S.K.: 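Starting off with a structure, shown below.
Below, all heavy atoms of this structure are taken into account, side chains as well, without hydrogens, waters or symmetry copies. A note on names: the letters A, B, ... follow the listed sequences, proteins ahead of strands, and every chain is numbered from 1. Keep in mind that this is a model prediction, so the values were computed, not measured.
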Amino acid sequence: MTGDRVLVMDFSDAVAEVLFRLEPGDVVTYGEVAAEAGHPGASRAVGNLLRRTEGLPWWRVVASNGRLAPGHEPRQTELLRSEGVAVENGRVVVENRAERGGSP
DNA sequence: CCCCTGACTAGAA
DNA sequence: TTTCTAGCCAGGG
């Protein structure tokens, strides 16, 4: 019963909880975090929170298009790669082997 | 209460 | 493919 332990959590706390639940090698988008935190659509607020808050696994959060955080691409790339995440040209490589322009 | 900023997103050009 | 615009949300002054 009351499996929900969601006590009046502030936006910041809710987002932080979701972030800390992530495991090494896991990557999520701002929108996913916002929705998981109980604030769907607040993707922008999530980005702002990561920018103002420290101690959070911000590198595990990327944009919906796989883009990394502006100004932190090099650092985020190294962190993600160190966890086994494939990153290329400031972008998280998704299981998307279609349309690629280059070598089919 | 009002105004502005921002590590966003989806869609159009 | 890249660039721009409009819309949405929370925090801070």
Side-chain angles (χ1 to χ4, degrees):
Chain A
M1 46 96 82
T2 76
D4 324 51
R5 33 207 86 236
V6 306
L7 273 72
V8 45
M9 257 207 304
D10 282 358
F11 178 75
S12 310
D13 291 343
V15 173
E17 184 67 45
V18 174
L19 295 174
F20 284 113
R21 284 192 184 187
L22 299 173
E23 310 176 23
D26 193 1
V27 180
V28 296
T29 68
Y30 296 92
E32 287 291 292
V33 177
E36 287 293 309
H39 292 253
S43 53
R44 231 170 170 178
V46 173
N48 277 351
L49 184 64
L50 289 175
R51 176 174 73 80
R52 301 167 47 56
T53 309
E54 300 179 47
L56 297 173
W58 58 272
W59 60 91
R60 300 196 219 251
V61 185
V62 302
S64 62
N65 58 338
R67 222 2 175 187
L68 301 183
H72 296 275
E73 295 180 33
R75 194 165 310 188
Q76 190 166 15
T77 299
E78 291 186 65
L79 285 161
L80 289 171
R81 282 186 178 179
S82 67
E83 299 200 340
V85 179
V87 183
E88 198 58 63
N89 195 20
R91 288 225 199 179
V92 175
V93 180
V94 190
E95 291 88 61
N96 193 340
R97 53 267 269 295
E99 260 56 46
R100 200 160 327 127
S103 40

S.K.: Can A:Leu50 and A:Leu19 be said to form a side-chain contact (heavy atoms from CB on, under 4.5 Å), step by step?
M.R.: CA-CA 10 Å; A:Leu50 289 175; A:Leu19 295 174; 3.4 Å; yes
S.K.: How close do A:Gly25 and A:Val85 get, counting heavy atoms only, and between which atoms?
M.R.: O-CG2, 3.6 Å
S.K.: Of all heavy-atom pairs between A:Ala63 and A:Thr29, which one has the smallest distance, and what is that distance?
M.R.: O-CG2, 3.7 Å
S.K.: Quick one: label A:Ala42 by what it contacts on the DNA or RNA (base, sugar-phosphate, nothing), any heavy atom closer than 4.0 Å.
M.R.: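 It contacts sugar-phosphate atoms only.
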S.K.: Between OH of A:Tyr30 and CG of A:Asn48, what distance do you get to the nearest 0.5 Å?
M.R.: 10.0 Å
S.K.: For the residue pair A:Ala34 and A:Ala42, what are the closest heavy atoms and their distance?
M.R.: CB-C, 3.7 Å
S.K.: Verify side-chain contact (heavy atoms from CB on, under 4.5 Å) between A:Val62 and A:Gln76, making sure each step is shown before the conclusion.
M.R.: CA-CA 9 Å; A:Val62 302; A:Gln76 190 166 15; 3.8 Å; yes
S.K.: Between A:Arg21 and A:Glu36, is the closest basic N to carboxylate O distance under 4.0 Å?
M.R.: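 Between A:Arg21 and A:Glu36 there is no salt bridge, as every charged N stays at least 4.0 Å from the carboxylate O atoms.
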S.K.: Which whole-number value in Å describes the distance from A:Leu50 CG to B:dC8 P?
M.R.: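 Between P of B:dC8 and CG of A:Leu50: 10 Å.
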S.K.: Separation of A:Asp13 atom CG from C:dA10 atom P, in whole Å?
M.R.: 14 Å
S.K.: Polar-atom pairs under 3.5 Å, protein N or O versus N or O of nucleotides 2-7 of chain C: list them with distances, or write none.
M.R.:
{"residue": "C:dG7", "atom": "O6", "partner": "A:Arg44", "partner atom": "NH1", "Å": "3.0"}

S.K.: Please give, in whole Å, the distance from B:dT9 C1' to A:His39 NE2?
M.R.: 18 Å
S.K.: If I take atom CZ in residue A:Phe11 and atom C1' in nucleotide C:dC8, what distance separates them, rounded to the nearest angstrom?
M.R.: 12 Å
S.K.: A:Leu49 has an atom CG; how far is it from atom P of C:dA10, in whole Å?
M.R.: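 Interatomic distance, CG of A:Leu49 to P of C:dA10: 12 Å.
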S.K.: Can you give the dot-bracket line for DNA chain C, using ( ) for pairs inside the strand, [ ] for pairs that cross earlier ones, | for pairs with another strand and . for unpaired bases, where Watson-Crick and G-U count if both distances are under 3.5 Å?
M.R.: .||||||.|||||
S.K.: A:Tyr30 near the nucleic acid: base, sugar-phosphate alone, or nothing, with a heavy-atom cut-off under 4.0 Å?
M.R.: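 If one applies the 4.0 Å heavy-atom cut-off, A:Tyr30 turns out to touch a base.
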S.K.: Calculate, to the nearest 0.5 Å, the distance between atoms CD and NE2 belonging to A:Glu78 and A:His72 respectively.
M.R.: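 The distance works out to 13.5 Å.
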S.K.: From CH2 of A:Trp59 over to P of B:dA7, roughly how many Å is that when rounded to an integer?
M.R.: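 Between P of B:dA7 and CH2 of A:Trp59: 18 Å.
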S.K.: To the closest 0.5 Å, what do you measure between OG1 (A:Thr77) and CH2 (A:Trp59)?
M.R.: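 Those atoms lie 14.0 Å apart.
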S.K.: Mind checking A:Arg52 for me? I need base, sugar-phosphate or nothing, with any heavy atom below 4.0 Å counting as a touch.
M.R.: sugar-phosphate
S.K.: Just the rounded figure in Å: distance from P of B:dC8 to CG of A:Leu68.
M.R.: 11 Å
S.K.: Calculate the interatomic distance between A:Trp58 atom CH2 and B:dG6 atom C1'; express it in whole Å.
M.R.: 17 Å
S.K.: Closest to the A:His72 side chain: C:dC9, B:dA7, B:dT9?
M.R.: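 The listed nucleotide nearest to A:His72's side chain is B:dA7.
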S.K.: Walk me through it: do A:Leu80 and A:Leu68 pass the test side-chain contact (heavy atoms from CB on, under 4.5 Å)?
M.R.: CA-CA 10 Å; A:Leu80 289 171; A:Leu68 301 183; 3.8 Å; yes
S.K.: Would you mind reporting whether A:Glu73 and A:Val87 have side-chain heavy atoms less than 4.5 Å apart?
M.R.: no
S.K.: Tell me whether A:Asn89 contacts the main-chain N or O of A:Arg91 through its side chain, where contact means a donor paired with an acceptor under 3.5 Å.
M.R.: no
S.K.: What N/O pairs connect the protein and nucleotides 10-13 of chain B at under 3.5 Å? Give each pair on its own line.
M.R.:
{"residue": "B:dA10", "atom": "OP2", "partner": "A:Ser64", "partner atom": "OG", "Å": "3.3"}

